[in-house]
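First up is the structure itself, then whatever we jot down about it.
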Amino acid sequence: MNCLVTGGAGFIGSHLCDRLLDAGHRVICLDNLCTGARENVAHLIEHERFVFLERDVSYPERYREDVRERLDFVFHLASPASPVGYLKMPIETALANSAGTWATLEVAHEHGARYLLASTSEVYGEPLEHPQRETYWGNVHPNGLRSCNDESKRFAEALSVSYRRHRGTEVRIVRIFNTYGPRSDPDDGRVVPNFVTQALRGEPITVYGDGTQTRSLCFVSDMVEGILRAAFTPGTAGDVFNLGNPNEYTVLEYAQLIKKLSGSSAPVVFRPFLSEDDPSRRRPDITKARAVLGWQPSVPLVEGLEETLRWFRTRLRLGA
Ligand code: UDP
């Protein structure tokens, strides 16, 4: 199969490229490296079924001609995804999810390809329903600091299902909840990269707020398995799936666990929130993914964090 993976040099995207190549597919990876990294795909550059295009997904005239072979599948993951990333690049983020989604849907339509939109748990905003099911419409600030991401992803969902309804494009949507693991950018400000980096360097572990806000963390290999099942399970066109780990902990608990697993003596300190609309809790209801895709996360938190710590030690060139 010929697959286009936008955001293929990103954290989740690069693991997705690996898995698609392992399964024998051809991969065109499109990434402008605004938050992705060349190192994430450096091991694939020589691969005979892999092509890397350093392009911005929001400007199709810059890559349309380069996609010569007929595509069978388009995975649209390109967009800054961490709060630090999209707060730094709000316009690029809003465009990747609007213009970029439009452009890739057009490509999919033209090629008769199937399509997967990587949406986000942020479409639920500050959720009034807990845990969040796919049927929950969300509680989102339309012009808050996070709106460049959450509102543009909501638009991306609306545009994708419009292509499905009016053009018959075979679209499915996955709402990705917090994900961690090797290749996440140490500087993207997310909770796990921050805590792991701080713990390994012996710097203060910065808990924002009082640390009672919750998140549910999914290891990246589980996430990619869920994405592949949503993409390739027959009969999923038009569907929306939550993908994430339903085990919920407070941010303070993550700080303490990472400190313990790393053997760090770094202090845990409290700092103000980065944005006023930091959701107070988040946990996916994955009943639908379990039933339709036969999927659920399998990597235990401690195991996933240990593997993440090993990768970060090497990445940061710190001894064990
Ligand atoms: N967080 C924190 N310290 C950090 C980074 C993040 O306390 O150094 C908190 C953040 O305020 C949020 C949670 O951890 O409540 C998850 O943040 P992240 O940026 O990973 O993603 P989000 O779930 O907000 O999109």
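FYI, the numbering just counts along the sequence from 1. All ligand and atom numbering here is 1-based and tracks the order in the structure.
- Counting only non-hydrogen atoms, the option in Val191, Leu217, Asp210 that gets closest to atom 20 (O) of ligand 1 is Val191.
- For Lys259, the NZ atom counts as densely surrounded, since its 6.0 Å shell holds more than 12 non-hydrogen atoms of other residues, nucleotides or ligands.
- Which parts of ligand 1 touch Asn194 is read off a 4.0 Å heavy-atom cut-off, strictly below it: atoms 4 (C), 5 (C), 8 (O).
- Taking atom 9 (C) of ligand 1 as the reference point, the nearest protein heavy-atom neighbour is Gln213 NE2, 3.9 Å.
- Of the options Phe270, Phe273, Tyr208, the smallest heavy-atom separation from atom 6 (C) of ligand 1 is shown by Tyr208.
- When hydrogens are left out, the protein atom nearest atom 16 (C) of ligand 1 is Arg215 NE, 3.6 Å; that is the closest non-hydrogen contact.
- Considering backbone and side-chain atoms together, Asp278 places an N or O closer than 3.5 Å to an N or O of ligand 1.
- Under a 4.0 angstrom heavy-atom cut-off, Gly189 registers as being in contact with ligand 1.
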*asked:* What verdict does the salt bridge (charged side-chain N to carboxylate O under 4.0 Å, His left out) test give for Glu157 and Arg154, after you've listed the backbone C-alpha separation in whole Å, the side-chain angles of each residue and the deciding distance to 0.1 Å?
replied: CA-CA 5 Å; Glu157 290 200 10; Arg154 288 166 69 94; over 6 Å; no
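- Among Arg146, Glu122, Arg282, Arg190, the residue whose heavy atom lies nearest to atom 24 (O) of ligand 1 is Arg146.
- More than 12 heavy atoms of other residues, nucleotides or ligands shown are found within 6.0 angstrom of CZ on Arg64.
- Rounding to the nearest 0.5 Å gives a distance of 9.5 Å between CH2 of Trp102 and CZ of Phe155.
- Summarising the geometry of Arg49 relative to Leu21, their closest heavy-atom pair is NH1-O, 3.0 Å, with the distance given to 0.1 Å.
- The nearest pair of heavy atoms linking Leu145 to Asp277 is N-OD2, 3.7 Å.
- Under a 4.0 Å criterion applied to the non-hydrogen atoms of Val207, ligand 1 contributes the atoms 7 (O).
- Of all the atoms in ligand 1, the ones that sit under 4.0 Å from a non-hydrogen atom of Phe195 are 2 (C), 3 (N), 4 (C), 7 (O), 8 (O).
- Comparing heavy-atom distances from atom 3 (N) of ligand 1 across Thr179, Thr120, Asp188, Thr206 singles out Thr206 as nearest.
- Looking at Lys153 and Glu122, no side-chain N of the basic residue comes within less than 4.0 Å of a carboxylate O on the acidic one, giving no salt bridge.
- For the salt bridge (charged side-chain N to carboxylate O under 4.0 Å, His left out) condition, the pairs that include at least one residue of residues 228-242, sequence neighbours left out, are Glu225-Arg229, Asp239-Lys288.
- Set against the non-hydrogen atoms of Val251, the atoms of ligand 1 under 4.0 Å away are 7 (O), 13 (C), 14 (O).
- Within the 4.0 Å heavy-atom criterion, the part of Asn178 lying near ligand 1 is the side chain and not the backbone.
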*asked:* Run the side chain to side chain donor-acceptor pair (under 3.5 Å) test on Tyr136 and Asn242 for me, step by step, so that the C-alpha distance in whole Å, both residues' side-chain angles and the decisive distance to 0.1 Å come before the verdict.
replied: CA-CA 11 Å; Tyr136 176 51; Asn242 281 339; over 6 Å; no
